[in-house]
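These notes are about the structure you will find just below.
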Amino acid sequence: MVHMTQTNTSSVGADPRRWWILAALCSVLLLVGLDLTILNVAVPVIGADLDASVGELQWIVNGYTVVLAALLLPVGQLGDRFGRKRLLLAGLVVFGIASLLCAFAPTPGFLILGRALLGLGAAFLNTLGLAVLVSVFPAEERPRAIGIQAAAVSAGMPLGPIVGGFLLENFWWGSVFLLNLPLVLIVFIALAVLVRESRSERPVRVDVTGGILAVGAVAILSYGLITAGETSWTNGIAIAGILAGLVLLVVFVIAQRRVKDPMADLSLFKESGYTWGSILSTAVQFVVFGVMFIVPQYSYVVLDASPVQVGLHLLPLIAAMILAIGVASRVRKTVGARAIMAAGFVALAAGLTLGALSDVESGFGLFALWTGLIGVGFGAAMPPALDIALAPVPSNRSGVGSALLQAQRQVGAVLGVAIMGSVLALNYRARLDTAAVPAETLETVEHSAPSGQSVAEELGSTELAANISDAFTHGMAASFWVAAGVSVACALVSVIFIRKGADQVTDPEHASETR
C-alpha cells in the first residue's frame, strides 16, 4: 500500500465549525458515559422504593448496556443511508424521552423498559457521534479530536457516582435521569445548527437480514457474558447464551460476505491498521471497564467512602487521563503512535500491578498513585488506537466503519466487566472466612463485598468488616493480574505489529486507491 504523507494543505476544506461541533458531541457523549455508571449508587434506593428483586435490579443496570451493544452495527448503516445528522438528532430525542420515562417509572418493569430505550438512544449517539467527527475533521487533527472525545466519554463514567451520590443525598432517585434533559435540549439545538448533513455518496441498501443477525448475536452474547459475570461461568443459561451468540455471529459474518452493502464492512480487516487498532482499542475497553467496575467497590469497601466520596476518589484517574491525552497528542508527531500506545499499555500494566499489590492497610496515597497510572495508560493508549483503526475508513463509509469499531469496543467492555467481575467474585468467596459469618447473613455477604459491608455495619462487627475487606482485596488482586497480563500483551502487539508510519495515513477517503 502507498501511504499518503501529511501535508500543510490537508486541512483545506475542513469544516470551520468543527471544534464547536466537537464540543457539542463531547457534551452528549459525556451523558452516554455518565449513564453507564450513575445508576450504580441509586440501585439500593430504587430497590427499596420499587420493591425490585435482585434479578430486576440487575436488568435495570444491564438493560442499557445490552441494547447499546446490540444496536451499534445497524445504526451505523442507517446513518450512512438516511443521514448521520438526522439520526443523531433522533437519538437525542429518544434519549430525552427515555430519561423522562425512567425518572417517573412506577414499576421495575417500566424502569427496565426505560433503560432499554436509553440504550437505543445511546447507540445512535455513540456510533454517529464518532462518524460525524470523522467526517468533519481533517486527518491530521483527528487524533486530537478523538482524544478529546474519548476523554469526554470516559470522564462521564467516574463522574456518574459523584453526581449520582450528590443527587441522592438531596433529591429522589428519579433526579439521576432528569439530569439528562437540559443537556439533551442544548446539544440538540447546537447540533441542529452546527452540523451539516452527511451520508454515503452512493445509496446504501439497508441490510435487514444482517441487522437482525447482528442485533441477535450481540444481544444474546452480551446477555450470556453478563449472566456469567453475575453468577458463574458454569451457569447453564450463561453458557447457552454465549454459545448461541457466537453461532449467530458466525452466521452473520458468512451472510455479510454475500451482500452488496454489508452492515459490517469486513474488508476493513484487510487493513492491518484497522485490525490491530481495533483489537488494541477493544483491549483498552476490556481493561478500563473492568477497572471501573471494581475500583468504586474498593473505595467503598476498603477505604470506607460514602457515595459522593466514591466518585471523588476517582478524580486522580480522570485528571491523569486528561493530562495524558494532552501530552500524548503533542508528542505523537515526534515519537509516533506506536511508542505512545506501547507506553500507555506499560502504564496500565504498572498501575494494575500496584493495585494488585494493595491490601487493607494501603491508604489513599497508594490508591491515587495506581489509579493515576491507569488513567495515564488509558489516555495514552486509546486515542492513537482509535485513530489508527479509523484511518483506512473512507469518509463516505464512516458510519459503518465507526459502528463496527464501536461494536467491538462495546463487546470488549462487556467482557471486561464479566471476566474481571467473575474473577473478583470467585476469589472473594474463596477467601471469605465463612465460619465468622452469621448463617442468616451468609448469602448476602457472599453476594458481594459492598452488600457484605452493609451487613457488617448493621451488626456492628469490625471482625466481619475486616474479613470482607481482606477477601475483596484478594479478589481484586486476581482480577487485576488478569488485566495486567492483557496490558503487557497489548504493549508487545503495539511494538511488533503497529508499523512506524501508521499515524501518517491522512487521506482515508482515497485509501483504497493507494493500495
Side-chain angles (χ1 to χ4, degrees), residues 36-37 39-40 43 52-75 108-109 112-113 115-116 118-120 122-123 126 209-256 263-264 278-279 282-283 285-294 403-429 447-448 475 478-479 482-483 486:
L36 283 168
T37 57
L39 198 62
N40 291 341
V43 162
S53 68
V54 173
E56 287 171 330
L57 287 176
Q58 288 172 337
W59 281 104
I60 287 171
V61 174
N62 292 328
Y64 178 85
T65 307
V66 170
V67 174
L68 170 59
L71 292 175
L72 287 172
L73 284 175
V75 163
I112 292 170
L113 174 62
R115 287 283 290 173
L118 271 178
L120 170 63
N126 216 6
T209 302
I212 294 172
L213 289 171
V215 170
V218 178
I220 295 172
L221 179 61
S222 299
Y223 175 83
L225 291 170
I226 290 171
T227 302
E230 290 169 347
T231 55
S232 77
W233 289 89
T234 59
N235 180 286
I237 295 176
I239 293 173
I242 292 170
L243 291 177
L246 290 174
V247 169
L248 281 177
L249 194 59
V250 171
V251 175
F252 170 73
V253 169
I254 294 172
Q256 289 296 280
M263 182 163 293
S278 64
I279 289 172
T282 299
Q285 290 287 98
F286 174 94
V287 172
V288 171
F289 269 75
V291 167
M292 290 303 303
F293 174 73
I294 293 171
L404 181 58
L405 179 61
Q406 295 288 55
Q408 291 174 254
R409 294 176 63 217
Q410 191 61 37
V411 171
V414 173
L415 275 170
V417 174
I419 293 176
M420 291 180 66
S422 65
V423 171
L424 166 67
L426 179 66
N427 285 273
Y428 164 73
R429 288 192 289 265
H447 178 68
S448 73
S479 66
V482 171
V486 171

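Quick caveat, the model's predicted, so the values are computed rather than measured.
Across M420 and S479, no two heavy atoms sit closer than the pair O-CB, 3.4 Å. Taking every heavy atom of both residues into account, I220 and G245 meet most closely at CG2-N, 3.8 Å. Taking each heavy atom of V215 and P74 in turn, the nearest pair found is CG2-CG, 3.7 Å. Listed here is the closest heavy atom pair of N427 and A478: ND2-CB, 3.5 Å. Across all non-hydrogen atoms, the minimal contact from Y64 to A122 is OH-CB, 3.4 Å. What you find for G224 and I242 is that their closest heavy atoms are C-CG1, 3.7 Å.
Remark: Q408 pairs with Y274, S278 by the side-chain hydrogen bond (donor to acceptor under 3.5 Å, both in side chains) rule, at least two apart or across chains. Under the side chain to side chain contact (heavy atoms under 4.5 Å, CB included) criterion, A238 pairs with T227, A228, N235, sequence neighbours left out. Listed by chain and number, the residues in a side chain to side chain contact (heavy atoms under 4.5 Å, CB included) with A123 are L68, L71, L72, V75 (sequence neighbours excluded). Applying the ring-ring contact (aromatic ring centres under 6.0 Å, His included) criterion to F252, with sequence neighbours excluded, gives no partner residue. With sequence neighbours left out, the side chain to side chain contact (heavy atoms under 4.5 Å, CB included) criterion links L415 to L225, F286, V411, I419. The side chain to side chain contact (heavy atoms under 4.5 Å, CB included) test applied to A116 returns V67, not counting sequence neighbours.
Residue V250 is tested with V247, I254, V253 for a side chain to side chain contact (heavy atoms under 4.5 Å, CB included); the sole match is I254. V251 pairs with exactly one of T209, L213, L246 by the side chain to side chain contact (heavy atoms under 4.5 Å, CB included) rule, that one being L213.
Separating the CG atom in L118 from the CG atom in L113 is a distance of 10.0 Å, to the nearest 0.5 Å. Taken from CZ in R409 to CD1 in I279, the straight-line distance is 14.5 Å, to the nearest 0.5 Å.
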